[in-house]
Each structure stands twice: as C-alpha cells, then as structure tokens.
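In listed order, ligands and their atoms are each counted from 1. Along the sequence shown, residues are numbered consecutively beginning with 1.
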Amino acid sequence: MPDPLHFDNHAEVYERARPPYPAVLWAELHDLGVLRPGIRAIDLGAGSGLATGRLLEAGASVDAVEPGPALADRLRRRWPAAVVHADTAEQVELATGFYDLAVAATAVHWFDLEVVVPKVHRVLRPGGHFAVWRNAFGDPTVAITPFRERVAQIVARRTAAEPPRVHGELGTDAWAARLSASGHFVTTHIRDFPWSIDMRTDQIRDLFTTFSDWNPAEVDEAARAVDQLGGRVTEHYVTPLIVLRRNESANA
Ligand SMILES: C[S@@+](CC[C@H](N)C(=O)[O-])C[C@H]1O[C@@H](n2cnc3c(N)ncnc32)[C@H](O)[C@@H]1O
C-alpha cells in the first residue's frame with residue numbers, strides 16, 4: 001500500500017527531482033481567467049511547492065497545506081510568502097468563503113474525497129474554481145521507448161507479484177466524474193498537456209525514488225537501464241488538467 005509520507009521521507013530528493021509542471025498549463029489557467037494577480041489560492045498537498053511557487057509568482061496569495069513535516073518545513077523556507085499549514089486536506093482548518101482558487105497538483109488521489117470535495121466547496125468564494133492536475137510519468141500516445149520497455153518490465157513483475165492497486169489509476173474523465181459526483185462542482189475544462197524531458201541516470205534515479213510505489217531495488221534497476229542506454233533518455237510525460245467550477249446551488 002503506498003505510504004502518503006513516502007514523499008516526506010524523501011523531501012530533499014523530492015525537491016530536486018520532480019520536474020516543473022509545463023508552462024502551457026500555467027498559461028491555460030491564466031487564459032481561463034482562473035489564475036489572476038491578487039486572487040487567494042490554496043494549494044492542497046503542496047509537497048515542496050512546485051505549484052505554490054508558481055501561484056505566488058502569478059501574483060496570488062497562497063495558503064499551502066502539506067502534512068509531511070519535512071516538506072512543510074521546506075515550503076516555509078523556500079516560499080516564505082506562503083502561509084503553510086502542516087496538516088492534511090481533510091483536517092486543516094480553513095476560513096469559509098475565502099479562496100478564489102483551490103489547487104491539487106499530483107495530490108488529489110491521496111485525499112478522502114467525501115471529506116475534501118465538500119470542504120473545498122465551503123472554503124471557496126462564489127464563482128471559485130478547483131483546478132486538479134497531475135504529472136503522469138509516461139505518455140501512452142507516444143511510441144514506447146527502449147527505456148519505457150524496461151520500466152514496463154519492472155512494473156509487470158511487481159504487478160504479477162502483488163494484487164492490483166486501485167490507487168491513483170483512474171483516467172482523467174473518471175477523475176472529473178469523481179470530483180463532480182457529489183454536485184459540489186461542475187467540470188468546465190479538461191485538457192492534456194504532453195511534454196518531454198531528457199534525463200540523466202542520476203535524475204532518473206532521483207525521480208523514481210520519489211514514486212511512492214517504487215522500491216529501492218526497482219529504482220536501481222531503472223537507473224541501470226539508463227546507464228545501459230547511454231546514460232541519458234528522453235521521457236514523454238503528460239499533465240492532464242481538470243478545472244471545476246463551484247456549483248452555487250449545491251449545499252455544503
Ligand atoms: C506527489 S506529491 C505532490 C506534491 C506537490 N503538489 C507537487 O506538485 O509536487 C503528493 C503530496 O500530497 C501530500 N499528501 C498526502 N496525503 C495528503 C492529505 N491527506 N492531505 C494533504 N496532502 C496530502 C503528500 O505529503 C505529498 O506532498
């Protein structure tokens with residue numbers, strides 16, 4: 001079972017290893033009018049602040065919610081302008097009707113949605129938005145690379161040995177349906193952002209170490225595969241974005 005504190009146990013690696021979200025995603029949030037200077041935003045499951053930092057740079061004031069103590073500490077040091085709550089999205093105490101935008105970046109699959117969705121509805125102002133995205137590491141629409149073949153072999157061995165996980169494996173439309181199922185939100189926008197990145201062995205080692213479902217032996221094997229492929233691979237990723245609007249007729 002993946003451990004939500006996995007990220008906190010690797011806080012330093014997490015901060016250097018996770019690639020930023022693509023610039024086009026931030027441009028899209030601007031173009032949709034969801035991210036504007038002066039808004040109040042809340043970043044749920046903020047990690048080391050990949051989204052917190054960009055929200056601040058866009059002129060938002062930001063509350064960042066992160067239960068991992070080491071990550072919360074890093075957030076405070078790296079982004080002193082953010083108000084950091086070292087707590088879970090389920091338990092954190094937040095003012096009602098205060099925020100214009102709630103964000104969950106590669107984090108929503110960790111939340112108890114029965115608690116968090118009504119809570120996000122409550123803390124948003126009328127007309128507020130909930131933007132949910134994740135980095136999917138791998139892009140099924142791109143021809144499989146030799147490195148991805150090796151990754152698939154490692155994952156296949158693990159999934160043959162373990163019962164299948166349901167955690168985080170929904171597609172984007174299914175996530176949008178889950179997030180709007182209670183009627184608190186209406187999905188207004190879904191878009192996939194594909195992107196690519198060249199990574200060295202040490203970068204792949206760091207990045208895969210941050211994956212909560214990869215054990216150290218598997219990470220070693222992935223790093224060895226990069227070495228055998230010349231020490232550098234091109235990875236194709238996709239970042240699906242779901243934008244939901246607060247449903248004003250829903251009861252909290
Ligand atoms: C994959 S990381 C994403 C971090 C960051 N948003 C980013 O984009 O890099 C998932 C984060 O969710 C946090 N998390 C796990 N369970 C949580 C919960 N119940 N409430 C809030 N955050 C949670 C973890 O501590 C971790 O920092």
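Residue contacts with ligand 1: A105 is placed with a nitrogen or oxygen under 3.5 Å of a nitrogen or oxygen of the ligand (distance criterion only). Taking only nitrogen or oxygen atoms, main chain and side chain alike, Y14 reaches within less than 3.5 Å of ligand 1. Remark: ligand 1 and P67 share no N or O pair separated by less than 3.5 Å (distance only, no angle test). For ligand 1, the polar-atom distance check against Y21 finds a nitrogen or oxygen pair separated by under 3.5 Å. Annotation: T88 places no N or O atom under 3.5 Å from an N or O atom of ligand 1; distance criterion only. No N or O atom of L50 sits closer than 3.5 Å to an N or O atom of ligand 1.
Taking a 4.0 Å cut-off on heavy atoms, T106 registers as neighbouring ligand 1.
Ring-plane geometry between F208 and W214 is classed as perpendicular, the angle between the planes exceeding 60 degrees on a 0 to 90 degree scale with a lower cut at 30.
Counting heavy atoms closer than 4.0 Å to ligand 1, residue A46 contributes backbone atoms (N, CA, C, O) but none from C-beta onward. No part of L5 comes within 4.0 Å of ligand 1, judged by heavy-atom distances.
Listed by chain and number, the residues in a ring pair (Phe, Tyr, Trp, His ring centres under 6.0 Å) with W26 are W133 (sequence neighbours excluded).
Shortest non-hydrogen contact noted between K119 and Q91 is NZ-C, 3.5 Å.
Protein heavy atom closest to atom 27 (O) of ligand 1, with residue, atom name and distance, is E66 OE1, 2.6 Å.
Applying side chain to side chain contact (heavy atoms under 4.5 Å, CB included) to H85 and the options V92, L75, L44 leaves one that passes, V92.
A donor-acceptor contact closer than 3.5 angstrom links the side chains of Q228 and R150. Side chain to side chain, Y21 and N135 fail the donor-acceptor criterion of an N or O pair below 3.5 Å.
Of the possible donor and acceptor atoms, none in the side chain of R134 sits under 3.5 Å from a partner among the backbone N and O of V238.
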